[in-house]
*Asks:* 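First the structure, which I've put down as structure tokens, then a few questions once you've had a look.
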Amino acid sequence: MAAFTVLAAALAVAWIEVPSLRKRKRRKELWVFAFFLCVATGLNVLKALDVEIPNLFQPINAVYKPVSDLIEGMLK
Amino acid sequence: MDNGKISGHQLMILTMLFTMGSSILVVPSGLAGTVQQDAWLPVVVGIVVTLALSWFYLYIGSLYPDRTLVEIIEKLFGRWVGAPITLLFIVVAFCVGSGSCLYYLGDFMTTQIMPETPIQYFHLLYILLLIQGTRLGLETLARSAEILFPFFLLLVIAFIIFVSPQIETDRLQPMLEAEFKPILQSTLSYVSFSGFPLIFMLMLTPACTDRGKRLQKKFLLGNLIGGLLILITTILCVLVLGVDATSRSMYPNYALARKINLFNFINRIEVIMAIIWFVSLFFKIVVYFYAGVLAMAQLLRIENYRVLTFPFGMMLYVLSLMVYPDSSFMRHWDSTIWVPLIATFGLVFPLLFVAVAIGKKFLTR
Amino acid sequence: MKRTFLLVLTMLLVVLMITGCWNRRELNELSIVGAIGIDKEPGADQYMFSVQVINQGVISSKGGGEGIGQASVTTFEMETSSMFEGMRRLTTVSPRKLYLAHMRMLILSEEVAKEGVGPILDLFSRDHEYRPDFYVIVTKDTKAGDVLKQFTQIEKVPANKLFSSLEMSEKHWAPTVAVRLDEVEASLVSLGKQPVLTGVMVRGDERAGESEKALQRLEPPAYVVYTGIGVFRGDKLVGWLNEEESKGYNYIADNVKSTVGPLACPQKGEVILEMIRSSSNVQAKFQNGKPQIQIKIKAEGNVGEVLCDVDLQDPKTIEKLERNGEQRIKQIIQRAVDKAQHQYRSDIFGFGEVIHREDAKYWKKIQGEWDEVFPHVPVVVDVDLQIRRTGTKVNSYLTEMRKAREKAKEQK
């Protein structure tokens with residue numbers, strides 16, 4: 001159900017954006033829009049289906065944990 | 001490209017709101033936890049540091065006037081080296097910045113005001129507003145900030161006046177008890193909330209009609225006012241709630257607003273006071289969001305960034321629900337990982353930019 | 001066309017969310033809680049959680065309508081191991097969900113206080129529905145539940161009676177202290193200050209006071225009264241200050257707004273003084289590296305009642321009365337300090353915090369063993385009392401009676 005809501009929302013968004021882009025013949029913008037809309041819809045559908053999405057913070061943590069530990073060690 | 005133009009005054013208001021942003025909600029608690037009754041001291045030091053940083057960012061902006069941060073990066077590093085750096089900036093502004101600030105809003109609402117409402121709905125409501133705002137453009141956003149500003153100020157002043165009868169000056173004493181290292185640590189934490197993120201304002205400054213000294217003056221002034229408001233609320237938290245209650249509160253400012261009781265008549269107005277934080281949080285998120293979307297548009301060289309707003313808004317919805325699994329992770333992450341992360345983008349990269357710019361000057365000579 | 005459609009769609013969506021209907025709470029689904037009481041049998045591992053719920057129908061009806069013959073409040077009790085659980089389990093008894101934002105009093109029983117209030121208080125500051133403006137009190141020689149069950153005269157809702165009576169007595173009589181939850185928590189955490197709570201007790205026949213018949217009697221069979229201040233060490237109640245010592249505590253804590261007290265007359269009898277202003281200044285002074293607490297009280301008063309033969313027209317008498325009064329206030333304060341230092345060994349006055357403010361380095365050294373240091377800290381009390389006015393009369397008829405008699409004697 002939730003996944004369908006997402007798809008409906010994506011369709012609505014496309015319905016708002018695409019016609020005017022096509023009228024003005026903006027090929028590149030259309031492709032960029034389509035790409036990001038697919039990514040966004042994909043993410044939302046995964047979220048709606050309760051699929052575990054890898055947290056963006058994991059790689060950030062991996063990089064910055066040593067730095068933050070160092071700072072903490074220095075300031076203790 | 002966004003052809004909107006904003007005035008110096010509008011830029012000042014946006015800078016002020018961006019400086020206050022989420023800091024005003026969370027800073028007092030963290031500071032009171034580390035340096036107790038001296039919580040005001042790191043804020044004062046932090047304001048000075050932040051002013052210096054803003055001056056530095058504007059200097060970078062003045063290297064290539066009329067260029068946004070993304071265009072500056074491209075000028076300095078060329079297209080192929082510049083693109084990954086820009087991408088990193090976008091990730092931080094869009095995914096981390098606006099995602100986490102949005103989570104703050106949702107967490108604040110579900111903790112303090114409506115605990116049974118699912119957090120998604122607050123996020124959705126704000127995202128709709130964000131999309132609408134960015135689609136209408138920077139000019140509209142700046143104007144709405146200008147319109148809200150007097151009311152905002154009125155509320156802040158009312159807030160300060162209403163809680164001041166409950167001040168107990170003893171609570172600030174003994175002064176200057178904290179040691180050097182904790183002060184340094186909390187200053188860093190203040191700057192990481194209110195100072196380093198200002199780098200993203202460089203996406204907005206080219207749209208300002210003022211240039212040079214006048215721009216600098218407005219930018220620094222906005223910064224200063226925002227910092228002073230944080231300082232005042234921090235001091236008020238300690239003076240009214242005391243160190244213990246401030247440091248143990250999730251949102252000490254809200255706890256402070258709950259304390260308002262004037263003549264047994266003006267009381268229970270904390271939800272009205274919460275408008276202060278809704279406004280400042282909205283503009284913080286919207287600046288992050290706008291910066292991220294505009295940066296992506298400029299990176300991909302598309303003329304109209306507006307096509308990105310809906311997809312990015314949808315992504316933000318998932319991201320904002322994903323970034324922090326719970327509120328204790330949020331507090332921990334903000335005080336540990338966030339600090340070096342934003343310092344990389346607010347300090348290391350800018351220094352690199354200046355070094356490259358100077359190096360280029362020498363080479364061309 | 002498309003624009004309009006979109007606009008309408010967005011508006012509908014926003015309207016749906018912005019009303020906040022998810023968390024809506026309708027008045028007819030709520031029970032407003034006036035006060036909460038917590039009891040514990042000695043040795044039991046469960047608490048008895050009592051809630052006084054306001055009976056809206058009765059409170060709002062003027063003269064007829066629904067709710068006639070019902071009491072204005074209802075008290076529910078529930079056995080529980082934690083406060084939150086008790087709170088929620090009460091829905092099995094109460095027909096409506098309890099609404100806590102209007103709670104005025106939190107009553108802890110003496111038993112609970114003696115065992116320690118630590119495991120109890122957290123909920124009341126963590127849950128978002130409680131507001132920080134209720135008072136915490138502790139019962140003396142009675143159960144918290146019983147205090148909540150007493151019918152009260154004049155004020156229909158007992159919780160309101162407890163609330164305003166505490167505020168009034170703090171303002172006009174002084175030996176009570178209205179303590180809010182955040183103050184209790186702050187002094188639990190602080191090393192240099194211990195908590196205090198005002199005591200409450202039921203005087204008279206408790207059982208008779210629980211019946212509505214009590215309201216129909218001109219002389220109520222039982223009253224709820226505030227007595228002295230309960231002294232805590234850590235989170236445990238260790239003892240009580242009597243009325244005078246409680247007043248002494250309030251002089252030091254700068255809580256005395258107005259009070260009444262007797263002064264000895266130059267010969268015999270008493271003059272009753274009405275204190276109209278009092279301010280205290282507590283400082284720590286260091287002599288040879290040892291701290292000493294100096295308490296300076298500045299008070300102003302009026303003569304309120306004369307029970308002896310004294311010539312109030314004579315400035316010297318006023319001066320004499322002032323000295324007597326200073327002596328008395330000093331005595332009261334010293335008694336309170338003495339009891340806290342030697343009998344209860346609990347720094348309820350926050351002298352530790354005063355020392356901390358004065359000399360943070362010294363405090364850092366002794367904060368760990370402050371409990372042992374506190375009883376031996378010398379306390380110097382200095383009182384400055386000014387008697388300003390003598391009321392609407394100059395001399396008492398007692399004086400004039402004597403004078404008239406003396407005159408008559410002379411003339412004879």
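Within every chain, numbering begins at 1; the chains are lettered A, B, ... in the order of the sequence lines, protein sequences first and strands thereafter.
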*Asks:* B:Trp333, B:Phe312, B:Trp338, B:Phe310: which one forms the most heavy-atom pairs within less than 4.5 Å of chain A?
*Replies:* B:Trp333
*Asks:* Chain A heavy atoms under 4.5 Å from B:Leu188: which part of the residue, side chain, backbone, both or neither?
*Replies:* side chain
*Asks:* Looking only at heavy atoms, which two atoms of B:Val35 and B:Ile183 are closest? And how far apart?
*Replies:* CG1-N, 3.8 Å
*Asks:* Is it the side chain or the backbone of A:Lys47 that comes within 4.5 Å of chain B heavy atoms, both, or neither?
*Replies:*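 Contact with chain B: side chain only.
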*Asks:* Under 4.5 Å from any heavy atom of chain A, what part of B:Leu308 do you find: side chain, backbone, both or neither?
*Replies:* side chain
*Asks:* So which part of A:Glu29 gets closer than 4.5 Å to some heavy atom of chain B, the side chain, the backbone, both or neither?
*Replies:* both
*Asks:* Most heavy-atom pairs under 4.5 angstrom with chain B, which of A:Val6, A:Val32, A:Val63?
*Replies:*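 Ranked by contacts with chain B, first place is A:Val32.
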*Asks:* Distance alone, cut at 3.5 Å: any donor-acceptor contact between the side chains of B:Thr309 and B:Thr134?
*Replies:*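 No.
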*Asks:* Is the backbone of B:Leu300 close enough, under 3.5 Å, to the side chain of A:Lys28 for a donor and an acceptor to pair up by distance?
*Replies:*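 Flag set: sc A:Lys28 to bb B:Leu300 pair under 3.5 Å.
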*Asks:* Which answer fits A:Leu21, side chain, backbone, both or neither, if we ask what part of it has an atom under 4.5 Å from a heavy atom of chain B?
*Replies:*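 A:Leu21 touches chain B through side-chain heavy atoms alone.
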*Asks:* Indicate, with yes or no, if the rings of B:Phe108 and B:Phe122 have centres closer together than 6.0 Å.
*Replies:* no
*Asks:* Looking at chain A, which one of B:Thr344, B:Val91, B:Leu321 has the largest number of heavy-atom pairs inside 4.5 Å, strictly under?
*Replies:*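 Ranked by heavy-atom pairs under 4.5 Å with chain A, first place is B:Thr344.
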*Asks:* Return the option, out of A:Leu37, A:Val67, A:Asn44, with the maximum number of heavy-atom pairs under 4.5 Å with chain B.
*Replies:* A:Asn44
*Asks:* How about B:Tyr288 and B:Phe200: are their ring centroids closer than 6.0 Å?
*Replies:* yes
*Asks:* Only one of B:Leu341, B:Leu53, B:Val92 clears side chain to side chain contact (heavy atoms under 4.5 Å, CB included) with B:Phe196; which?
*Replies:*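 Answer to the side chain to side chain contact (heavy atoms under 4.5 Å, CB included) test with B:Phe196 among B:Leu341, B:Leu53, B:Val92: B:Leu53.
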*Asks:* Side chain, backbone, both or neither: which part of A:Thr41 has a non-hydrogen atom closer than 4.5 Å to chain B?
*Replies:*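 Both backbone and side chain of A:Thr41 come within 4.5 Å of chain B.
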*Asks:* Please check if any side-chain donor atom of B:Gln298 sits under 3.5 Å from a side-chain acceptor atom of B:Thr68, or the reverse.
*Replies:*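 Looking only at side-chain atoms, B:Thr68 and B:Gln298 do form a donor-acceptor pair, the distance falling under 3.5 Å.
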*Asks:* For A:Leu46, which atoms come within 4.5 Å of any heavy atom of chain B: side chain, backbone, both, or neither?
*Replies:*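 Contact with chain B involves no heavy atom of A:Leu46 at all.
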*Asks:* Using a cut-off of under 4.5 Å for heavy-atom pairs, which of A:Ala40, A:Ala10, A:Gly42 has the most such pairs with chain B?
*Replies:* A:Ala40
*Asks:* Using 30° and 60° as the class boundaries, would you call the ring planes of B:Tyr290 and B:Tyr305 parallel, tilted or perpendicular?
*Replies:*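 If you compare the ring of B:Tyr290 with that of B:Tyr305, the planes turn out perpendicular.
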